[in-house]
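Before any comments, here is the structure.
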Amino acid sequence: MSVLNDFKVNLFLLIGIPRLEHAHIWFSIPICLLYLAAIMGNCTILFIIKTEPLLHEPMYYFLTMLAVSDTGLSLSSLPTMLRIFLFNVMGISPDACFAQEFFIHGFTLMESSVLLIMPLDRFLAIYNPLRYSSILTSNRVAKMGLILAIRSILLVLPFPFTLRRLKYCQKNLLSHSYCLHQDTRKLACSDNKTNVIYGFFVALCTMLDLALIVLSYVLILKTILSIASLAERLKALNTCVFHIYAVLTFYVPIITLAAMHRFAKHKSLLVVILIADMFLLVPSLMNPIVYCVKT
């Protein structure tokens, strides 16, 4: 037992689709196409906003930030997924795993922050349309974007360092096709209480974003109901529909995955893998489709 406990894990193993490893090459085709569509869709949004002067306004600057976050999420997870499904290479070094989870969680927090600030833009546009342009200037939007990026980096920066100080022995099989903090820390054979507490704190920050988004929409709905004209109410509400859809496609998989990791004792590994893939793929794929149609 002493020898086993002293054995140090030098390689983590990611997982594809259990019991269907022989068909990974066939799964790689739709996965590659979906990732390609997500990346091309977000790049299309960035190109349209950059080249169209009429779109150089706060709402579309926030959409640019959302597209950057989605692109970052796709590019962060794609390399390991391609290695697994195309070449059946499941091994990943601990340092590479920690770096990947840093970027995945960082872009996830950035997207959560952008989704939080977008209803503020809509609230100002509906509540005080005459002063909207003077309040949300390009300079202020740029500063807000910089603050959001710094917030996301600072919140996830401790993750790689706290994971690296843990000892990993015997267990090295992860639950997904990419590295997540809550998944990696479970493999540690040393005390990971600090990781659990800090991971819970970061999760609370994400849930706080969601609570503030709900509060923002309560204020927006209250403002809309105060508008006398029914046509104006519907017009104002229509500007929020796409953002509500983006919030649902982003938060529902995250909350479901976190709940399964935390509370489900007899969870299906296949279901966890599918939800985890939805967590990264669905928002990155659907946001460009929805917002390109709107734009």
Worksheet item: Given the rule that I, L, V, M, F, W and Y join up when any side-chain heavy atoms are under 4.5 Å apart, are L146 and L63 in one cluster?
Response: no
Response to the item:
Here the gap from L285 atom CG to L280 atom CG, rounded to the nearest 0.5 Å, amounts to 12.5 Å
Practice prompt. Work out which heavy atom in P58 is nearest to a heavy atom in V141; give both atom names and the distance.
Written response: CB-CG2, 3.9 Å
Discussion item. Taking I135's backbone N and O only, do any of them form a donor-acceptor pair with R140's side chain (distance below 3.5 Å, no angle check)?
Written reply: yes
Worksheet item: Looking only at atom types and distance, does a side-chain atom of Q100 sit under 3.5 Å from a main-chain N or O of S76, one as donor and one as acceptor?
Response: yes
Discussion item. Starting from F123, can I reach L208 by hopping between I/L/V/M/F/W/Y residues whose side chains sit under 4.5 Å apart?
Written reply: yes
Practice prompt. May I ask you to decide whether D209 forms a salt bridge with R151, counting only side-chain N to carboxylate O separations under 4.0 Å?
Written response: yes
Item to complete: For the residue pair H56 and Y61, categorise the inter-ring angle as parallel (less than 30°), tilted (30 to 60°) or perpendicular (more than 60°).
Response: parallel
Worksheet entry | Validation row: D121, I117 side chains within 4.5 angstrom (heavy atoms) | no
Item to complete: Kindly give the heavy-atom pair with the smallest separation between S74 and I39, and that separation in Å.
Response: CB-CG1, 3.9 Å
Worksheet item: Do any N or O atoms from the side chain of N192 and from the backbone of A188 form a donor-acceptor pair under 3.5 angstrom?
Response: no
Worksheet entry | Same cluster (ILVMFWY, side-chain, under 4.5 Å), L248 and M207 | yes
Discussion item. Check the orientation of F159 and Y198. Use parallel for under 30°, tilted for 30 to 60°, and perpendicular for over 60°.
Written reply: perpendicular
Fill in: Short side-chain to backbone donor-acceptor contact, H176 and L14, under 3.5 Å
no
Discussion item. Around atom OH of Y127, are there more than 12 heavy atoms from other residues, nucleotides or ligands closer than 6.0 Å?
Written reply: no
Item to complete: In sequence, state the C-alpha distance, the side-chain angles, and the governing distance for V247 and M118, and then conclude on side chain to side chain contact (heavy atoms under 4.5 Å, CB included).
Response: CA-CA 10 Å; V247 168; M118 289 176 82; over 6 Å; no
Fill in: Side chains of P160 and E101 in contact at under 4.5 Å (non-hydrogen atoms)
yes
Worksheet entry | Check: L109 main-chain N/O paired with S113 side-chain donor or acceptor under 3.5 Å | yes
Worksheet item: According to the disulfide bond (SG atoms under 2.5 Å apart) rule, which pairs have a member within residues 72-153, sequence neighbours left out?
Response: C97-C179
Practice prompt. Give a yes-or-no answer on whether the side chains of Y251 and T206 include a donor-acceptor pair shorter than 3.5 Å.
Written response: no
Discussion item. Rounded at 0.5 Å granularity, tell me how far CG in L78 sits from CG in L73.
Written reply: 12.0 Å
Worksheet item: With side chains defined as the heavy atoms from C-beta onward, is the minimum distance between V202 and F200 less than 4.5 Å?
Response: no
Response to the item:
Nearest heavy-atom contact between D70 and E111 is OD1-OE1, 2.6 Å
Worksheet entry | R131 side chain reached by L124 side chain, heavy atoms, under 4.5 Å | no
Worksheet item: Does S134 offer a backbone N or O that forms a donor-acceptor pair with the side chain of T137 under 3.5 Å?
Response: no
Item to complete: Quick one: pull up CD1 in I31 and CG in L281 and give me the separation to the nearest 0.5 Å.
Response: 8.0 Å
Worksheet item: So, E52 side chain and L54 main chain: donor-acceptor pair closer than 3.5 Å or not?
Response: yes
Fill in: Path from L11 to V89 over hydrophobic side-chain contacts below 4.5 Å
no
Fill in: Where F47 and T51 come nearest, the two heavy atoms and their spacing
O-OG1, 2.8 Å
Worksheet item: CD1/I92 to CG/L174 distance, rounded to the nearest 0.5 angstrom?
Response: 8.0 Å
Worksheet item: Any side-chain heavy atom of V241 sitting closer than 4.5 Å to one from Y245?
Response: no
Practice prompt. Indicate yes or no for a side-chain donor-acceptor contact from N42 to the backbone of S284 under 3.5 Å, with no hydrogens or angles considered.
Written response: yes
Worksheet item: Just wondering, do V282 and F250 contact through their side chains at under 4.5 Å, heavy atoms?
Response: no
Discussion item. Checking Y35 against S77: is there a side-chain donor and acceptor pair closer than 3.5 Å?
Written reply: yes
Discussion item. If I take atom NZ from residue K50 and atom SG from residue C43, how far apart are they, to the nearest 0.5 angstrom?
Written reply: 13.5 Å
Worksheet, complete the sentence: Minimal heavy-atom distance between C32 and L82, with the atoms involved, is SG-CD2, 3.1 Å
Worksheet item: At what distance, to the nearest 0.5 angstrom, does CZ of F12 lie from CG of N172?
Response: 7.5 Å
Worksheet item: Would you say the side chain of F201 lies within less than 4.5 Å of the side chain of L155, judging by non-hydrogen atoms?
Response: yes
Worksheet entry | side chain to side chain donor-acceptor pair (under 3.5 Å) partner of Y217, chosen from H243, R122, K222 | H243
Item to complete: Examine V68 and L36 and state if one hydrophobic cluster contains both, with Ile, Leu, Val, Met, Phe, Trp and Tyr joined whenever side-chain heavy atoms are less than 4.5 Å apart.
Response: no
Item to complete: List the steps and the verdict of side chain to side chain contact (heavy atoms under 4.5 Å, CB included) for L46 and T64.
Response: CA-CA 6 Å; L46 295 174; T64 299; 3.4 Å; yes
Fill in: side chain to side chain contact (heavy atoms under 4.5 Å, CB included) between S216 and L219, intermediate numbers included
CA-CA 5 Å; S216 299; L219 296 175; 5.7 Å; no
Worksheet entry | Close side-chain approach of N88 to R83, heavy-atom, < 4.5 Å | no
Worksheet entry | side chain to side chain contact (heavy atoms under 4.5 Å, CB included) between F62 and L120, intermediate numbers included | CA-CA 11 Å; F62 294 134; L120 172 63; over 6 Å; no
Worksheet, complete the sentence: Here the pair of heavy atoms bringing H181 nearest to N195 is CE1-O, 3.3 Å
